[in-house]
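Being a predicted model, the structure only gives us computed values, none of them experimental. Basis for what follows: all heavy atoms, side chains included, without hydrogens, waters or symmetry-related copies. Residue numbers start from 1 in every chain, and the chains themselves are labelled A, B, ... in the order their sequence lines are given, proteins ahead of strands.
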There are 2 protein chains.
Amino acid sequence: MSDFTPPITPIENETVEMTDPETQSLIAASKVEGTAVYDESGEKLGTIHDVMIEKTSGKVAYAVLSFGGFLGLGSDYYPIPWSVLSYSTKEEGYVVAIQRDRFKGAPSYASAENSGWMEHGYTRRIDDYYGTAIARGR
Amino acid sequence: MSDFTPPITPIENETVEMTDPETQSLIAASKVEGTAVYDESGEKLGTIHDVMIEKTSGKVAYAVLSFGGFLGLGSDYYPIPWSVLSYSTKEEGYVVAIQRDRFKGAPSYASAENSGWMEHGYTRRIDDYYGTAIARGR
């Protein structure tokens, strides 16, 4: 996977996923889910399992990455601040300036049933871990 | 359905949907999908099929309502500005200040494959229809 090759058939991919709408400026949440996430070297880290929306502002605050055991880590779900993701049209996926080693020890959970979202201070832990606490004004 | 009775067992409902995380301030996109939408009299209009996220701002811009033939209208999917939805903890769903008759003639599509999202000016049509164009600064 380290020799990352950009997909050759982007138009075919678009056709397959047409059921989840996407325009130049908008994307369906259902299409975001399942989208690949790469590090900056083009290595695939995992996929987006879900996004967490702030009820009051309507802003997507966190993405939940699913590694599916790919990293050989114990947990499958890693919430990261939405702001650290950028979409790459070239790679047809999201890119994060985070290397895979950085996810060791990051806030995570093994199953959605045992997620940490209900814990006091969980979002602050995520923000602190990825250095986005200041950016989010906390 | 016009004699709307609030659910008596909110705690049981919560337990059933635990797999999609929700906190006081955050909700998973996968949990928003399928959530009921009521008018202000408490009548159920349909459910949220999907949400459309603005790629640049990360803001949820539109919700796609699914009526599932409930209204007896030809189309199943009605995109509405996210800003017209408010969440009601009492009704455990979203409430819109829109009556069902107002959806006749609203922008809509019969299937996701034939959605209008790719049409030029489609979002403006939605904003104009629900009177949110000015609020969105267009």
Stepwise side chain to side chain contact (heavy atoms under 4.5 Å, CB included) check, A/Glu22 with B/Lys55: CA-CA 10 Å; A/Glu22 179 175 7; B/Lys55 290 177 186 173; 2.8 Å; yes
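Within the 4.5 angstrom heavy-atom criterion, atoms from both the backbone and the side chain of A/Trp117 approach chain B. For a residue to count as touching a neighbouring chain, one of its non-hydrogen atoms must lie under 4.5 Å from one of that chain's; by this rule A/Thr23 touches chain B with backbone and side chain alike. For A/Ser57, the part lying under 4.5 angstrom from a heavy atom of chain B is the backbone only.
One N or O on the side chain of B/Asp50 and one on the backbone of A/Ser30 form a donor-acceptor pair closer than 3.5 Å.
Residues B/Leu26 and A/Ile53 form no side-chain contact, since every pair of their non-hydrogen atoms from C-beta on lies 4.5 Å or further apart.
A distance of 9.5 Å separates CD of A/Glu54 from NZ of B/Lys59, quoted to the nearest 0.5 Å.
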